[in-house]
Number of protein chains: 2
Amino acid sequence: MVVTIKDVAKLAGVSPGTVSNVFSSNRAVKAELVERVRKAAAELGYEPDRAASQLRAGKARVVAVLLPDLDNPFFTSLVASIEANVRDEGFDIIVASSHGDAVEEARRLSALLAWRPAGLVIVPCSDAFVSRKLVSGGGVPFVVADRVPSHFDGEAVTVDNVGAGTQAAEHLVRLGHRRFVVAASTLRLQNIRDRCEGIEAVLAREGLASPTLIEVGLDFDTASERLGVFMEGEQQATAFIALTNFATLGILASANRSGLSVPRDLSVVGFDDYSWMHAVSPPLTAIRQPVDMMGRVIWSRLRRHIVGRSEPVADERLSCDLVVRASTASPPSVGDALRIA
Amino acid sequence: MVVTIKDVAKLAGVSPGTVSNVFSSNRAVKAELVERVRKAAAELGYEPDRAASQLRAGKARVVAVLLPDLDNPFFTSLVASIEANVRDEGFDIIVASSHGDAVEEARRLSALLAWRPAGLVIVPCSDAFVSRKLVSGGGVPFVVADRVPSHFDGEAVTVDNVGAGTQAAEHLVRLGHRRFVVAASTLRLQNIRDRCEGIEAVLAREGLASPTLIEVGLDFDTASERLGVFMEGEQQATAFIALTNFATLGILASANRSGLSVPRDLSVVGFDDYSWMHAVSPPLTAIRQPVDMMGRVIWSRLRRHIVGRSEPVADERLSCDLVVRASTASPPSVGDALRIA
DNA sequence: CGATTTACGTAAATCGTTTTACAGAATTTC
DNA sequence: GAAATTCTGTAAAACGATTTACGTAAATCG
């Protein structure tokens, strides 16, 4: 039905082996034959069957990506970045979502591993990273991204989360804020705990009270709801730090609903950096993760393993930067004085 | 190296064929043997090799998805929806981006087709859909999503774009707006032209002037820039309709930069519906595409072809709905009267 | 009860490539 | 110029699963 290597071989008047050599450039073929084979292949619209090729050659030109959520722009832009990097080298990517569930994660992982991919990128749905032995057993090179377990000894790519928290807190302290709220997705994730740690260290150093910690969950709806409840209650905090993009939205949404104005009544530092953050009013001050760089680093680490080098892992962490826009200002106590004067 | 069907067969004391039958349930196997095989497989951590299985069986449990841009949340949430639908039936998805370039589209398409996927979902990067013959030649069932060429006779899933435009325009007309601006990505796309058509029909019917049409491109930066230039110029429009999500952001960003306030100075109807749209201030009135439903319909169409039925295509179009929030209000001329009174 | 069908296991062929083993021609080496 | 080496083509053996063909035991039938 579909055109095979034999059809091409017959049309070009050579053996299948030669056709294979032309396409895989595994062995030299005389220019004249290359020409003939190419022409025949083009004429028939031949493209080597990946399944067959991979089966025989034992190596796949495909990398698997397993994420907790395909509807979270942070993860999908990571995919976009990885895709852009791998395609240059003829790799395809196959993607799956664990929907934040460890059991499903294990299931999807087995399914992905069944493709015998050249490599795997995984953002685990929990720190436990229960699927670890599943992956290691498969003998497939893998890198864990974003959510890296505490004492992980494998290949990991993540940002300097402590530093990210530090930057956010320092910025707000500098503006004169004294009471902080931190909207974390969930403290069960190491990266989130690290971000908190960065914030707490700054506040402690400044002799300020510990921040009020709110776990807002992993999607917008619950984040929005939980923060709404909080804001309705009596509270004097003026500085809000979000530790994920959905937490950012939750803060904004509930501030809106409570009739609080940003940055007059409260200052907000968001997490991640998306178009909407600088399109809206007020444009958001935020901690930006270097997503694009993450994708690049992930691939370079993975590739090193794929080609066989497995040097010790460098636990270098990418640094985030704080982009200051208009959602942060001095708190009312300070601001009022100015305004009244 | 990795465990094969033979290893399992040996351990379970049966033939490879039997193991295959246990896993593929192609032929009945006695309960006792099933048990033994399952146990052996579990013990060894066996998972059938997809490449081998697909090669022999001739049918793949994978669907390919080709998009213009993996960084556009509309497309990625479409992927999320498709993924959620196909995984229940044991399919995996392999995804690629054409980066909006027709040449790259053709290249990626060949690469995807080389997997001999069970089906293909494509959002073409242009109406010309130049890759069409490539796909048809492959004999792979496919559905074109979102951007469907004018007189397309294949399987297509898109929304009622004319209706979407109509709804947006009618809403604004009802509020008393008379001068319209439409921020379209590019008029070279049929879906965008349809949305425009819906708007123009309403304005014509109401005896209003045609809208000012601005082509803002396909990403946020150019959208924001082009609209900025426009807003700086003298203009009396009060009603802004965005025809894509990036156009929506572009309008917001440039209104902000020009110091215009929404909805006091101008009303905005956005396109698509994301969390940020109801988190920000003012929450955005927008046309919502039923992304989730689109994914479902795409898969059901595709599956029908995969299992062999190829009934005539129903050119049913999904309808969008207008969700009214706070970015639209009566225009200054009307509003002022009230405010002054 | 003998004949026929059904149930179910195994051996071997097969899918479309890549790769190995071999061979003749061309080239290099001494 | 003979021997050794390189170049480049073909035939055939893999890769790991599925499927076909076949055989034996059990079940069903008249």
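We name chains A, B, ... by the order of the sequence lines, and we start the count at 1 in each one.
Residue A:Leu70 comes nearest to A:Leu67 through the heavy atom pair CD2-CD1, 3.9 Å, listed as atom of the first residue, atom of the second, then distance. A pairwise comparison of heavy atoms in A:Trp115 and A:Ala60 identifies O-CB, 4.5 Å as the closest pair.
Residue contacts shown for B:Ser20 include a base, since a base heavy atom lies under 4.0 Å away. In this structure, A:Gly17 reaches the bases: a heavy-atom distance under 4.0 Å links it to at least one base atom across the strands shown. As judged by a 4.0 angstrom heavy-atom cut-off over every strand, A:Val14 is placed among residues touching the sugar-phosphate backbone only. Heavy atoms of A:Tyr46 sit under 4.0 angstrom from primed sugar atoms or phosphate atoms, though from no base atom. Backbone-only engagement by B:Thr4 is indicated by non-hydrogen atom pairs under 4.0 Å involving sugar-phosphate atoms exclusively.
Residue B:Arg27 places its side chain closer to D:dA21 than to any other of D:dT18, D:dA21, D:dT10. The side chain of B:Ala52 sits closest to D:dG16 out of D:dG16, D:dG9, D:dT19. When distances run from any side-chain atom of A:Asn26 to the nucleotides D:dG9, C:dT14, C:dT19, the shortest one goes to C:dT19. The side chain of A:Ala28 lies closest to D:dT8, out of D:dT8, C:dT17, D:dA17. With C:dT19, D:dA17, D:dG9 as the candidates, the nucleotide lying closest to the side chain of B:Ser53 is D:dA17.
For the pair A:Arg56 CZ and D:dA12 C1', the interatomic distance rounds to 11 Å; values are reported in whole Å. Between the P atom of C:dT17 and the CZ atom of A:Phe23 lies a distance of 10 Å, rounded to the nearest Å. If you measure from atom CG of A:Asn21 to atom C1' of C:dT18, you get 9 Å, rounded to the nearest angstrom. Rounded to an integer number of Å, the gap from NZ of A:Lys59 to P of C:dT17 is 17 Å. Rounded to whole angstrom, the span from the CG atom of B:Leu55 across to the P atom of D:dT19 amounts to 12 Å. The CD atom of B:Gln54 sits 21 Å away from the P atom of C:dT14 (whole-angstrom rounding). Distance, A:Lys6 NZ to D:dT10 C1': 14 Å, rounded to whole Å. Put simply, CD1 on A:Ile5 is 8 Å from C1' on C:dT18, counting in whole angstrom units.
For A:Arg107 and A:Glu104, the salt-bridge test passes: some basic side-chain N is under 4.0 Å from an acidic carboxylate O.
Within the 4.0 Å cut-off from OP1 or OP2 of C:dC8, not a single side-chain nitrogen or oxygen of B:Thr18 is found.
Across all strands shown, D:dG30 forms a Watson-Crick or G-U wobble pair with C:dC1, both key distances being under 3.5 Å. D:dT18 is paired with C:dA13 under the criterion used here, namely a Watson-Crick or G-U wobble arrangement in which both key atom distances are under 3.5 Å.
With contacts defined as side-chain heavy-atom distances shorter than 4.5 Å, the pair A:Val8/A:Val3 qualifies. B:Ile306 is listed as a side-chain neighbour of B:Trp299, based on a closest heavy-atom distance under 4.5 Å.
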Take B:Asp153 and B:Arg132 through the salt bridge (charged side-chain N to carboxylate O under 4.0 Å, His left out) test and state the conclusion after the steps.
CA-CA 11 Å; B:Asp153 59 342; B:Arg132 161 135 209 194; 2.9 Å; yes

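Residue A:Ser24 is the one, among A:Lys30 and A:Ser24, whose nearest nucleotide of DNA chain C lies closer to the 5' end (criterion: closest heavy atom).
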